[in-house]
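Input: a single structure, listed below in structure tokens.
Order of the sequence lines sets the chain letters (A, B, ...), proteins ahead of strands, with each chain counted from 1. These values consider heavy atoms only, across backbone and side chains, with no hydrogens, waters or symmetry-generated copies.
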Amino acid sequence: MSVKIATWNVNSIRARADRIEAWLLRSDVDVVAIQETKATDENFPWELFENNGYEVAHFGLNQWNGVAIASRVGLDDVERTFMDQPHFGKTDDAVHAEARAIAATCAGVRVWSLYVPNGRSRNDPHMAYKLQWLDVLKKHAADWLQADPQAQIALTGDWNIAPRDEDVWDIEKFQREELTHVSEPERAAFRAFEEAGYIDVVRPIHPGPGTYTYWDYTQLRFPKKEGMRIDFILASPALASRVTDAIIDREERKGKGASDHAPVIVELD
DNA sequence: ATGGTTGCAAAGCAA
């Protein structure tokens with residue numbers, strides 16, 4: 001049985017409701033991992049998914065971040081945050097970790113919807129937070145594979161990292177201006193997942209250069225084809241062996257009211 | 001043209 005799994009940073013689920021509904025009908029995905037809902041459970045549009053045949057689980061604490069998974073092939077063992085997920089700022093405050101990670105098992109695949117923190121700038125405290133957040137997640141991800149080398153795991157989401165020079169539209173500018181997403185510590189953090197056995201299953205099907213998943217709203221970046229590849233589906237080996245196709249749905253970035261990220265889809269046998 | 005976009009939420013922050 002073929003299964004389609006997608007990841008999409010929607011940049012507000014309420015502002016994007018109509019486009020998301022149209023996209024669900026058009027894309028025919030079975031599972032979609034969503035980032036940046038910018039919603040709480042109270043104002044989350046549950047009916048948007050339920051009316052279209054999807055179960056949905058959401059994790060949102062305020063107007064920032066927010067992650068969800070919608071599925072029409074089962075949605076079991078929902079998990080919000082991962083163990084010891086770092087907090088930003090004081091460690092002695094009693095607030096929850098930010099709403100950046102949710103998992104569920106869908107058709108036998110452990111799907112994670114991840115919204116990796118933005119480092120803001122290379123020396124900002126948020127960068128250390130980002131790297132720590134990734135390091136803790138990577139340790140768990142490595143443990144899961146060690147415990148079961150046949151596990152079917154999809155680490156999907158907005159990683160806020162461009163792993164290769166070709167993943168940004170002007171690497172010279174990014175390095176000259178010491179921008180984020182392309183720094184060596186960020187790339188090492190991403191590489192650590194690959195070294196743990198996870199595989200970017202979209203890049204082999206859609207190689208670069210010029211293949212992007214995100215285009216800034218400003219400066220006419222999309223029409224000028226000035227984007228970044230920062231949204232990834234990393235698959236465990238057993239899951240990677242099932243991948244038959246992938247799509248970066250650049251069409252969805254077009255027109256009025258688009259998210260600044262395109263959906264990324266993989267098809268499994 | 002000293003800006004340029006979007007969303008949340010109600011001024012400024014975040015991306």
Do A:Gln152 and A:Ser236 get their side chains close enough for a donor-acceptor pair, meaning under 3.5 Å? no

So if I take residues 166-173 of chain A and measure heavy-atom distances to DNA chain B, which residues fall below 4.0 Å? none

Across nucleotides 7-15 of chain B, 5' to 3', mark each nucleotide with B, S or - according to how protein heavy atoms within less than 4.0 Å reach it. SSS----SS

Looking only at atom C1', what distance separates B:dG4 and B:dA15, rounded to whole Å? 15 Å

Do you see a donor-acceptor pair shorter than 3.5 Å between the side chains of A:Asn11 and A:Lys38? yes

For A:Leu220 and B:dG4, what is the distance between atoms CG and P respectively, to the nearest whole Å? 13 Å

Spacing of the C1' atoms in B:dT6 and B:dA10 (rounded, Å): 16 Å

Do the ring planes of A:Trp144 and A:Trp112 sit parallel (below 30°), tilted (30 to 60°) or perpendicular (above 60°)? parallel

What's the gap between B:dG7 and B:dG3 when it is taken at their P atoms, as a whole Å value? 22 Å

Check the orientation of A:Tyr129 and A:His126. Use parallel for under 30°, tilted for 30 to 60°, and perpendicular for over 60°. perpendicular

Within the distance-only criterion (no hydrogens, no angle test), does the side chain of A:Glu186 pair as donor or acceptor with the backbone N or O of A:His181 below 3.5 angstrom? yes

Can you see whether A:Phe222 has A:Arg253 sitting over its ring - NZ or CZ less than 6.0 Å from the centre and within 45° of the normal? yes

Hydrogens and angles aside, do A:Thr218 and A:Asp216 bring a side-chain donor and acceptor to less than 3.5 Å of each other? yes

Test of ring centre spacing under 6.0 Å for A:Phe88 and A:Trp133: no

If I pick the P atom on B:dA9 and the same atom on B:dT5, what distance separates them, to the nearest angstrom? 22 Å

